[in-house]
Amino acid sequence: MRSRFFMRRWLVIAAGAVALTGAAHAAVFKCKGADGTLVLQDSACGPSTPPLHPAAENDGPPVNLSLPLDQRVKNPHDKRRLDAAVHITGLQTGLRKRIEHCQKHALEQAPAMQSLLDGWRSERAAAIAASERLMEKYLTATERVDALAQFDRALSSTIELSINSDPAVNANNCKNAALKMHQFMEKRYAGDYTTVVGGR
């Protein structure tokens, strides 16, 4: 706890020092480390340290991630938003995984799947960004991985795109994948897009 306190103090001091060096005009980039924590760097964020989404006003104050989850998320409204965030983030990561899978086993189906995912990401950009912020706010890195893995299992059984050892089964599963993806994204969790950006 003490070391965490000093680390926070150091980050505040370091950020302040950079801000005060106006002559250098050095930009400070807020990026996300591998464990989900804030990384301050003087170069643009990259693949290993993607940009950290700024907190939105309706996301509320920071949460102490050392507390048990039920103490971090006490308000039923916040619980609903977090559940919706897991669904939306899980859809993005899970469907991307299925596209990669179908590129190997049914290449002709992959372009339609990718086009559908790209359109969904563009149309639902605000909800996707809000979902990622909420997961970072309420869940530790390990909890995020576990939550997405659990959602991925549900996704596999629902749209029948689980990875199989039989190439013929894989190809057949990918055959109507784009249609299944579309129905799943727009109907199964339609209310989550509004919930996750709804704020208080």
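Atom CZ of R96 is surrounded by more than 12 heavy atoms from other residues, nucleotides or ligands within 6.0 Å.
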Give the intermediate values and the outcome of side-chain contact (heavy atoms from CB on, under 4.5 Å) for residues L69 and L139. CA-CA 8 Å; L69 183 58; L139 302 178; 3.7 Å; yes
Give the intermediate values and the outcome of side-chain contact (heavy atoms from CB on, under 4.5 Å) for residues L91 and L95. CA-CA 6 Å; L91 276 173; L95 293 176; 4.2 Å; yes
Run the side-chain contact (heavy atoms from CB on, under 4.5 Å) test on F151 and I88 for me, step by step, so that the C-alpha distance in whole Å, both residues' side-chain angles and the decisive distance to 0.1 Å come before the verdict. CA-CA 10 Å; F151 181 85; I88 293 169; over 6 Å; no
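In this structure, I128 and Q92 approach most closely via the heavy-atom pair CG2-NE2, 3.5 Å. Shortest non-hydrogen contact noted between E136 and L65 is O-CD1, 4.2 Å. Heavy atoms only, all atoms of each residue included: D152 and K97 are closest at OD2-NZ, 3.2 Å. When all heavy atoms of S131 and A84 are compared, the pair lying nearest together is OG-O, 4.4 Å. Minimum heavy-atom separation, E143 to T140: OE1-N, 2.9 Å.
Interatomic distance, L82 CG to T195 OG1, rounded to the nearest 0.5 Å: 12.0 Å. Taking CG of L148 as the reference point, atom CZ of R153 lies at 11.0 Å (rounded to 0.5 Å).
Connection of V145 to Y138 is not established within any shared hydrophobic cluster, with ILVMFWY side chains joined at heavy-atom distances below 4.5 Å, either directly or through further cluster members.
At least one side-chain heavy atom of H77 sits less than 4.5 Å from a side-chain heavy atom of R81. For the pair V73 and V63, the minimum side-chain heavy-atom distance is 4.5 Å or more.
For the pair T89 (side chain) and V86 (backbone), a donor-acceptor distance under 3.5 Å is absent.
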Would you tabulate the side-chain donor-acceptor contacts of residues 108-117 under 3.5 Å, counting partners in other chains and residues two or more places apart, or write 'none'?
unit_1: Q114; atom_1: NE2; unit_2: D118; atom_2: OD1; d: 2.8

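Under the 4.0 Å criterion applied to side-chain N and carboxylate O atoms, K79 and D70 are not assigned as salt-bridge partners.
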